[in-house]
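Each ligand, and each atom within it, is numbered from 1 in the order the structure gives.
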Amino acid sequence: MASSRIESLLARMTVEEKVGQLGVFADMVRPFAPEVNPEANVSNAEQVLQQVREGRVGSLFNGVGAELGRQIQRVAVEESRLGIPVILAADVIHGMRTVFPIPLGEAASFEPELAERTARATAVEATAAGIHWTYAPAVDIARDQRWGRGAEGAGEDVVLGCAFAAARVRGFQGGDLRAADALLATPKHFAAYGAVAAGMEYNTVDIAPQTLRDVHLPPFQAAFAAGALSVMTSFNDINGVPASANRELLTEILRGEWNFPGVVISDYTADMELIAHGYASDARDATRKAFLAGMDMSMQSGFFADHLPALVEDGEVPVEALDAAVRRVLELKEAIGLFDDPYRSLDPAREADASYLPAHDALARDAARRSIVLLKNEGAVLPLRKAGQRIALVGPFARDRENIEGCWTLFGDKSRYVTLEAGLRAALADEALLAVEPGCGLEEPLDGGIDAAVAAARAADVVVLALGEPQRYSGEAQSRTEIVLPAAQQALAEAVAATDTPLVVLLRNGRALALHGAVRDAQAIAVTWFLGTQTGHGVADVLFGDYSPSARLPVSFPLASGQQPLFYNHPRTGRPELPEMKEFKARWREIPDAPLYPFGHGLGYTTFEYGVPSPSTGRLGWDETLTVTTTVTNTGAVAGEEVVQLYVHDRVASRVRPVRELKAFRKIALQPGESAQVAFTLDRHALAFTNPRGEYGAEPGLFDLWVCADALAGEAVQFELLGSGDSGLGIRD
Ligand code: GLC
């Protein structure tokens with residue numbers, strides 16, 4: 001129920017003023033973020049301020065700065081007829097001045113609480129800089145690594161995705177939305193944006209309703225359950241109906257089934273794009289269809305301002321629907337206290353104080369090292385020694401500062417970025433032990449680069465080869481046909497590997513990569529994503545063993561690009577490949593349909609041993625809970641952290657089920673020789689799925705269960721889920 005303040009405001013608003021609250025425009029008044037969107041409906045500072053003055057702006061986005069933010073707010077509050085404050089938004093995805101690892105990298109930590117901490121730190125910095133609302137977290141499940149925006153999410157798994165979606169919402173928003181450091185969150189992109197066909201950006205999404213429900217929608221439900229009060233629609237269509245005008249999605253599911261009370265904001269010009277989709281005939285038609293489907297706020301197109309008043313006038317849009325949308329926007333502003341304190345988060349003194357917070361550098365370093373996945377470490381070539389070992393740091397990322405932050409970093413303080421070279425030098429006892437050679441450019445050979453790199457490799461005891469994707473290869477509109485390293489880098493790797501000096505590859509990447517040749521065959525490979533401000537120190541902490549790597553793959557690393565989409569929780573097919581039989585089986589001519597490194601994989605500097613999982617019962621009653629306990633032991637010589645993973649497989653069901661599904665995970669720390677009893681609980685709700693008739697629930701029958709170290713590891717134990725009343729008849733809930 002809206003407050004009396006909002007109801008009385010609504011009663012006084014003209015149709016134009018109501019529509020004004022539904023408009024979101026680029027903040028041309030404050031220093032504008034780097035170009036992250038195509039040009040559309042371009043205006044300037046004076047025009048924006050005049051629109052604010054006329055009550056035609058509900059929100060501005062991607063500007064920054066408390067002082068200028070106050071000026072905008074003063075115009076809204078003191079110069080417009082009704083004095084409704086403006087809400088200021090930005091794409092603050094994984095850090096503000098302090099930049100944290102890209103979300104996919106943080107997901108590799110399998111520590112949602114870490115993501116909550118970095119989101120909280122981000123909120124402190126963003127709200128100090130005059131931002132109330134972030135267009136994050138991206139919660140898209142990405143199963144095709146050719147798509148560039150997997151970098152912004154939590155990978156291919158829905159359970160991991162839900163955990164990180166909720167954690168980031170909690171972190172951004174904090175415990176009190178009215179607090180000056182509370183940052184409104186916006187789970188995006190609603191929905192199934194990560195399922196674009198062939199990983200091609202903005203492409204069509206042709207998806208079974210069950211897959212939509214069971215894979216792509218749950219992270220939004222998790223975000224809403226964590227308190228998110230806004231959601232951003234996606235560019236793609238879903239089975240032919242654009243998400244941004246999809247009434248089943250935006251009204252029947254979001255409002256009808258989930259009772260979501262918050263605001264639906266479009267992605268950038270997504271209403272305008274209904275015309276390009278061929279779903280609307282013109283701007284008025286697009287406006288009507290988007291609004292009536294359930295879009296509350298229109299970003300940047302100006303379509304709502306141009307056409308909604310007439311649509312209401314002509315009775316094509318009921319005024320009650322307009323009032324309902326405006327009420328939700330006003331309630332959002334009231335929820336963060338803007339009516340009581342319009343200048344909240346617009347304090348220049350606080351902005352100055354928060355411009356550099358040492359604690360955030362320490363957090364960024366911890367997040368960086370906890371996001372690094374060690375894929376292999378043959379002959380324990382890692383950790384390196386800080387003394388008595390000559391190291392050649394080779395590769396285009398050795399000194400690079402331009403590709404530290406990762407995609408969707410708009411406001412990072414680049415002066416604080418720690419390069420790989422700086423991180424290694426700071427860790428070494430004697431800097432003379434480190435030689436640095438770029439060897440090649442990011443994408444192109446370097447005259448004499450390989451020769452110099454080979455010479456450095458020959459003179460060293462170990463080569464650290466810093467390779468990867470340029471930052472611009474991931475993020476929006478960055479789909480790739482081949483998810484491989486640039487050819488110049490591969491050539492460098494082959495030449496350096498030919499020296500036989502032990503080779504440690506550091507990958508910098510915004511997606512899973514297909515690794516080939518000398519890169520794949522290196523003695524050690526670490527996936528470092530884009531780690532943000534503290535890149536060099538975080539990597540050095542792992543390289544020199546000051547931190548034993550503990551991250552695990554949130555996305556499957558393929559054998560070849562052609563396998564995409566490749567994800568661990570796939571159905572079995574009627575001809576699964578068997579060890580003893582490859583003919584007429586589900587595999588490629590050239591390679592098995594298997595990953596090079598599976599989801600959940602990662603090594604540390606110690607080893608762990610798993611006992612046989614011990615379920616509390618082999619027959620789980622319909623309304624009962626099963627507890628499975630497993631002994632995990634650190635069998636190595638140093639302390640380490642292990643991500644214990646619980647997977648199940650529903651052997652027979654009314655819809656074929658994945659060969660494995662992650663149902664829970666827990667990171668534990670163990671001293672050498674120490675054991676822990678790790679217990680997970682399961683009930684039928686954890687085994688539920690959407691069946692061919694669209695009903696959600698579990699089905700009785702036999703299940704396999706693993707407690708293990710990755711999506712291919714472990715020995716299964718079995719249990720049976722009994723039907724209700726132990727009849728075994730399988731009455732669905
Ligand atoms: C972009 C992105 C979206 C972002 C918005 C505003 O196109 O799809 O994630 O929040 O526009 O910049």
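- To the nearest 0.5 Å, atoms CD (Glu257) and CD (Glu248) are separated by 8.0 Å.
- Residues meeting the salt bridge (charged side-chain N to carboxylate O under 4.0 Å, His left out) test with Arg149, sequence neighbours left out: Glu152, Glu476.
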#### Entry: Full working for side chain to side chain donor-acceptor pair (under 3.5 Å) between Ser266 and Ser298
CA-CA 5 Å; Ser266 80; Ser298 161; 4.9 Å; no
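- Residues that satisfy the salt bridge (charged side-chain N to carboxylate O under 4.0 Å, His left out) test with Glu125, not counting sequence neighbours, are absent from this structure.
- A distance limit of 4.0 angstrom between heavy atoms and ligand 1 selects the residues Asn37, Asn62, Asp91, Tyr135, Arg149, Lys188, His189, Met232, Phe235, Asp267, Tyr268, Met299, Trp408, Glu476.
- Among residue pairs with one or both ends in residues 36-60, none qualify as ring pair (Phe, Tyr, Trp, His ring centres under 6.0 Å); sequence neighbours excluded.
- In this structure, Arg168 CZ and Arg117 CZ are separated by 13.5 Å, a value rounded to the nearest 0.5 Å.
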